[in-house]
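For the single chain, residues carry numbers from 1 onward in sequence order. As a basis for the values below, the full set of heavy atoms in this structure was taken, side chains included, without hydrogen atoms, waters or symmetry mates.
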Amino acid sequence: MLQIPVLREQTDLVLAGLQKRNFPNAAQEVQTLLDLDQQRRTLQTERDELLGRANALAKEIGGLMKSGQKEQAEALKAETAELKLRTKSLDDEVQHLEQAVQQALYKLPNIPHSSVPAGRSSEDNEVVLEHGTIPALPQGAHPHWDLIKQYDIIDFDLGNKITGAGFPVYKGQGARLQRALINFFLEEALKAGYTEVQPPIMVNEASGYGTGQLPDKEGQMYHATADNLYLIPTAEVPITNLYRDEIIAEGKLPIKNVGYTPCFRREAGSWGADVRGLNRLHQFDKVEIVQIQTPEKSYEALEEMSQYIQNLLQKLELPYRVLRLCGGDMGFTSALTYDMEVYSAAQGRWLEVSSVSNFETYQANRLKLRQRTEGGKPQLLHTLNGSALALPRIVAALLENNQTPEGIKLPKALHAYTGFEMITK
């Protein structure tokens with residue numbers, strides 16, 4: 001979440017950032033928050049003054065008792081009792097206002113980086129680069145939802161029977177391809193200096209608030225209400241929360257973690273041709289990379305993460321493009337996001353397969369994730385993450401772009417992981 005001193009001291013900058021996001025009633029929301037904070041500070045000052053007066057009276061009472069001035073001491077004791085009652089009342093009011101400020105802060109998204117373009121939707125995103133050649137498919141080429149039936153590698157009907165729509169069953173060479181991609185992505189991350197972790201796939205409410213899924217995206221998350229736990233929408237949540245309430249030693253940075261997990265998203269309100277087949281699922285596999293960096297180096301790290309993900313796509317021999325998301329299309333917690341899209345030849349459109357984002361201090365402020373530099377106060381760090389990669393649309397593009405009369409050719413980078421070079425009937 002945003003920091004109160006930033007809201008107070010750089011209000012115009014905050015309002016300009018919220019305007020770039022097309023955030024409704026920005027000026028009113030910010031002013032309401034600042035008014036609450038001013039009330040809190042005023043009462044806190046009054047409470048501190050009363051507490052100081054009570055402490056001074058306690059010393060004075062001790063002196064009077066020693067000198068035998070019991071009557072004067074008893075009068076001051078009565079005043080001290082009144083001060084304590086008033087202090088307790090102010091403590092309650094301050095606590096109530098602190099909670100109100102916190103809830104108001106949760107409603108404000110992150111402020112976009114200066115390089116983020118203005119815009120309202122994905123139509124306004126900026127194409128940073130394109131790489132590779134879009135394949136020319138032969139007449140009669142099929143989309144992946146037809147190919148998976150022809151080759152009997154993914155079964156949506158079985159998944160629907162077992163669970164419901166959006167929970168496919170991977171079979172035979174389809175299951176082996178899934179496992180191969182996961183292993184390939186993990187091994188590549190290890191080579192790039194990431195440490196593998198295997199986190200829980202359910203998180204508590206504090207973790208959801210820590211990375212910003214709550215309260216913004218609670219309608220998109222599966223909620224186990226009996227235990228008040230949430231199925232993770234991405235490994236970003238548990239991996240980043242490993243460092244909640246931590247002060248990181250100066251020599252421990254950067255922290256670079258990678259983890260594979262299944263991911264769960266309700267995707268409420270999703271329908272139409274764009275969500276057909278593997279394009280949008282309720283359960284899917286993803287390998288996630290997470291970095292924790294100093295503010296001075298976080299944007300350098302973001303570019304490095306973007307290039308790393310692009311290298312994965314190049315090894316998979318997929319044509320791709322990189323987008324810088326506009327203010328209206330960015331995630332709630334992000335300061336700058338690059339989306340990576342691969343071209344799906346049979347569908348004739350681009351499919352998002354990765355987002356890599358710098359959250360600056362937004363998540364770290366919620367997490368109380370800090371670093372203590374030598375001789376200084378603890379400072380908030382920057383958090384970053386990226387999909388490296390999400391599997392469903394990668395699989396869709398691999399199937400569609402590489403279909404031949406003999407079968408579906410797989411890129412050389414996967415051969416050692418699959419144990420076969422082509423998916424055949």
Side-chain angles (χ1 to χ4, degrees), residues 132-188 260 262-263 267 270 272-287 312-320 340-354 387 389-425:
T133 302
I134 294 174
L137 296 184
Q139 188 74 20
H142 297 283
H144 72 272
W145 49 82
D146 289 339
L147 293 169
I148 62 177
K149 292 180 179 179
Q150 292 176 22
Y151 290 92
D152 193 26
I153 54 176
I154 303 173
D155 196 318
F156 279 90
D157 292 334
L158 279 178
N160 191 44
K161 180 175 77 170
I162 297 167
T163 307
F167 294 88
V169 173
Y170 298 86
K171 303 160 57 180
Q173 289 181 307
R176 292 172 67 183
L177 176 59
Q178 287 285 110
R179 179 159 51 91
L181 283 166
I182 293 165
N183 287 336
F184 169 64
F185 294 147
L186 287 173
E187 291 297 327
E188 290 295 310
Y260 153 70
C263 302
E267 299 288 4
S270 299
D274 288 355
V275 301
R276 191 171 179 183
L278 295 170
N279 288 345
R280 187 163 296 173
L281 302 175
H282 293 305
Q283 177 182 330
F284 60 95
D285 292 316
K286 182 154 68 82
V287 172
L312 292 179
L313 295 173
Q314 291 170 24
K315 289 179 179 180
L316 292 175
E317 303 169 29
L318 290 170
Y320 68 87
M340 282 68 172
E341 299 180 334
V342 298
Y343 193 78
S344 182
Q347 296 180 66
R349 66 191 189 94
W350 295 96
L351 302 176
E352 179 205 330
V353 294
S354 175
S387 309
L389 290 155
L391 271 66
R393 295 173 188 168
I394 289 288
V395 171
L398 288 173
L399 297 178
E400 293 183 6
N401 293 6
N402 298 312
Q403 57 185 297
T404 72
E406 294 76 31
I408 299 169
K409 293 181 178 179
L410 295 178
K412 291 180 181 179
L414 293 181
H415 293 174
Y417 295 94
T418 57
F420 52 89
E421 299 180 7
M422 182 177 289
I423 296 173
T424 57
K425 295 180 182 178

Interatomic spacing from OH in Tyr320 to CG in Leu313 - rounded to 0.5 Å: 6.5 Å

When you measure from the side chain of Arg393 to the backbone N and O of Val353, does any donor-acceptor pair fall under 3.5 Å? no

Can you check whether His415's main-chain N or O pairs, donor with acceptor, with Glu421's side chain at less than 3.5 Å? no

Does Glu188 have any side-chain contact (heavy atoms from CB on, under 4.5 Å) partners at least two apart in sequence or in another chain, and if so, which? Phe184, Lys191, Tyr308, Leu312, Lys315

Ser354 side chain to Ser387 main-chain N or O, any donor-acceptor pair under 3.5 Å? yes

Gln283 side chain vs Pro262 backbone, donor-acceptor pair below 3.5 Å: no

Looking at residues at least two apart in the chain, or sitting in another chain, which of them share a ring pair (Phe, Tyr, Trp, His ring centres under 6.0 Å) with Phe185? none

Gap separating the CD1 atom of Ile154 from the NZ atom of Lys149, nearest 0.5 angstrom: 12.0 Å

Give the C-alpha distance, both sets of side-chain angles, the deciding distance and a yes or no for side-chain contact (heavy atoms from CB on, under 4.5 Å) between Leu177 and Leu391. CA-CA 10 Å; Leu177 176 59; Leu391 271 66; over 6 Å; no

Would Asn279 and Arg349 satisfy side-chain contact (heavy atoms from CB on, under 4.5 Å), going step by step from the backbone distance to the final call? CA-CA 11 Å; Asn279 288 345; Arg349 66 191 189 94; 2.9 Å; yes

For Glu317 and Asn402, which I'm curious about, is there any donor-acceptor pair between the side chains at under 3.5 Å? no

Interatomic spacing from CG in Leu318 to CE in Met340 - rounded to 0.5 Å: 13.5 Å

State whether the number of non-hydrogen atoms from other residues, nucleotides or ligands found under 6.0 Å of Lys171 atom NZ is greater than 12. yes

Quick check: closest heavy atoms across Tyr151 and Ile423, and the distance to 0.1 Å? CE2-O, 3.5 Å

Between Leu399 and Ile153, is a side-chain contact (heavy atoms from CB on, under 4.5 Å) present by the stated rule, with each step listed? CA-CA 11 Å; Leu399 297 178; Ile153 54 176; 4.0 Å; yes

Quick check: does any side chain N or O of Asn401 sit under 3.5 Å from a backbone N or O of Pro135, one acting as donor and the other as acceptor? no

Of all heavy-atom pairs linking Gln178 and Val395, the shortest is OE1-CG2, 3.4 Å

Which atom names give the shortest non-hydrogen contact between Ala175 and Tyr170, and what distance separates them? CB-O, 3.7 Å

As an exercise, state the distance from OH of Tyr417 to CG of Asn183, rounded to the nearest 0.5 Å. 7.5 Å

Between Phe284 and Pro392 the two heavy atoms that sit nearest each other are CB-CG, 3.4 Å

In Å, rounded to the nearest 0.5 Å, how long is the span from OG1 of Thr404 to CG of Leu137? 11.0 Å

Please give me the minimum heavy-atom distance between Ala345 and Glu400, naming the atom from each residue. N-OE1, 4.0 Å

Straight-line distance of Thr163 OG1 to Leu158 CG, nearest 0.5 Å: 10.5 Å

Flag, side chain of Gln173 to backbone of Thr424, donor-acceptor distance under 3.5 Å: yes

Leu181 vs Leu316, side-chain contact (heavy atoms from CB on, under 4.5 Å): CA-CA, chis, key distance, verdict: CA-CA 10 Å; Leu181 283 166; Leu316 292 175; 4.2 Å; yes

Residues Leu414 and Ala180: closest non-hydrogen pair is CD2-O, 4.5 Å

His144 side-chain N/O to Leu278 backbone N/O, donor-acceptor pair under 3.5 Å: yes

